[in-house]
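Remember, it's a predicted structure, so these values are computed and weren't measured experimentally. Start at 1 and go down the list; that is how both ligands and their atoms are numbered. In what follows, every heavy atom counts, from backbone to side chain, and hydrogens, waters and symmetry copies are set aside.
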Amino acid sequence: MSRVVVTGRVPDAAIEKLRVEHEVDAWQGPESISRDELLRRVAGADAILTLLTERVDGELLDTAGPQLKVVANVAVGYDNIDVAACRERGVVATNTPGVLTEATADIAFALILMATRRLGEGERIIRDRQPWKWGMFFLLGTGLQGKTLGIVGMGGIGQATARRAKAFGMDVVYQSRSEIDPDVAAELGARRVALDELLAVSDVVSLHCPYGPATHHLIGAEQLSAMKSSAYLVNTARGPIVDEAALATALRDGTIAGAGLDVFEREPEVHPELLELGNVALVPHLGSATIETRTAMATLAADNALAVLRGELPPTPIG
Ligand code: 8YV
């Protein structure tokens with residue numbers, strides 16, 4: 001029997017799976033685990049299930065000890081994990097691709113609709129008990145039909161967002177490190193372009209790339225200026241892909257028309273200028289937040305840990 005540490009609250013199904021074979025120490029606090037408590041608990045662990053709020057670096061791996069075999073992230077993004085440090089110590093790192101694809105694409109599309117149809121603004125008027133009545137020109141938004149969606153990062157979530165765009169009558173262009181399956185590209189009618197062209201032709205730009213040194217502030221003042229002044233930016237990937245201060249300025253000055261954000265540069269902080277602007281829809285990192293998806297993510301992370309502890313290949317290793 002091995003010792004598995006779970007660094008935050010996850011659905012019971014995953015804990016139960018782990019408990020069949022191992023001793024499980026799961027953090028149950030209402031807040032994220034503190035760094036000190038995390039380091040105390042991981043000492044002697046054979047496996048750790050981590051959330052994106054926990055930084056997995058050399059210090060944590062060394063504190064855990066040489067018996068540590070696997071770090072299973074309950075997230076598809078793994079910018080919280082120093083993968084090279086894991087590799088150097090022979091620790092397998094895993095993530096949860098696939099199971100959150102549809103939920104995250106749903107939130108991307110929800111933000112596209114919130115921003116283009118001004119739903120947040122409308123809701124705030126009602127909740128603030130401001131006087132309003134139907135009017136021919138009241139809160140007019142922008143239609144999506146016949147418009148172009150530019151997808152940055154055409155992995156599973158980008159493709160699922162493209163599928164939704166197609167159903168809404170949009171054209172799709174994408175920028176991606178690699179060419180996607182030609183059958184999928186044909187089905188979506190999606191054309192691969194360089195980022196410059198994507199920014200210039202898109203009515204909505206939606207970010208779906210991973211975060212890392214290569215994508216830090218991929219969208220800054222220069223890229224925002226390259227977008228149409230009638231265009232919208234949506235980010236459901238990772239906050240620091242966008243220079244938030246530059247985005248606030250662009251939204252204030254009308255460089256672009258609006259934005260929808262699920263992720264932020266310094267979560268849970270939000271740039272104070274964004275909070276003052278009506279033309280940005282803000283939601284608190286809800287991309288994968290459905291009961292079904294979170295259960296599937298935690299269960300997949302548990303399966304990854306269990307496989308490595310049994311000496312088998314995990315279903316979804318990183319890299
Ligand atoms: C999760 C995410 O909510 O999977 C990711 O990369 O950003 C979200 O789906 C989060 O990571 C849960 O830890």
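No path of Ile, Leu, Val, Met, Phe, Trp and Tyr side chains, each step under 4.5 Å between heavy atoms, connects V92 with V71, placing them in separate hydrophobic clusters.
Through side-chain heavy atoms spaced under 4.5 Å, either directly or across other Ile, Leu, Val, Met, Phe, Trp or Tyr residues, I291 is tied to no other residue.
Residues passing the ring-ring contact (aromatic ring centres under 6.0 Å, His included) test with Y174, sequence neighbours excluded: none.
Summarising the local packing, CG of L313 is surrounded by 12 or fewer heavy atoms from other residues, nucleotides or ligands at distances under 6.0 Å.
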Ligand 1 polar-atom proximity to protein (N/O, under 3.5 Å):
unit_1   : atom_1 : unit_2 : atom_2 : d
ligand 1 : 3 (O)  : S288   : OG     : 2.9
ligand 1 : 3 (O)  : R294   : NH2    : 2.8
ligand 1 : 4 (O)  : V76    : N      : 2.8
ligand 1 : 6 (O)  : V76    : N      : 3.4
ligand 1 : 6 (O)  : G77    : N      : 2.8
ligand 1 : 6 (O)  : R238   : NH2    : 2.7
ligand 1 : 7 (O)  : R238   : NH1    : 2.7
ligand 1 : 7 (O)  : R238   : NH2    : 3.3
ligand 1 : 7 (O)  : H285   : NE2    : 2.8
ligand 1 : 9 (O)  : S288   : OG     : 2.7
ligand 1 : 13 (O) : L52    : N      : 3.4
ligand 1 : 13 (O) : V74    : O      : 3.1

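Pairs engaging residues 75-91 under the side-chain hydrogen bond (donor to acceptor under 3.5 Å, both in side chains) rule: D62-R89, N73-N80, D79-R238 [sequence neighbours left out].
With respect to the salt-bridge test (charged N to carboxylate O, under 4.0 angstrom), the residues E102 and R163 do not qualify.
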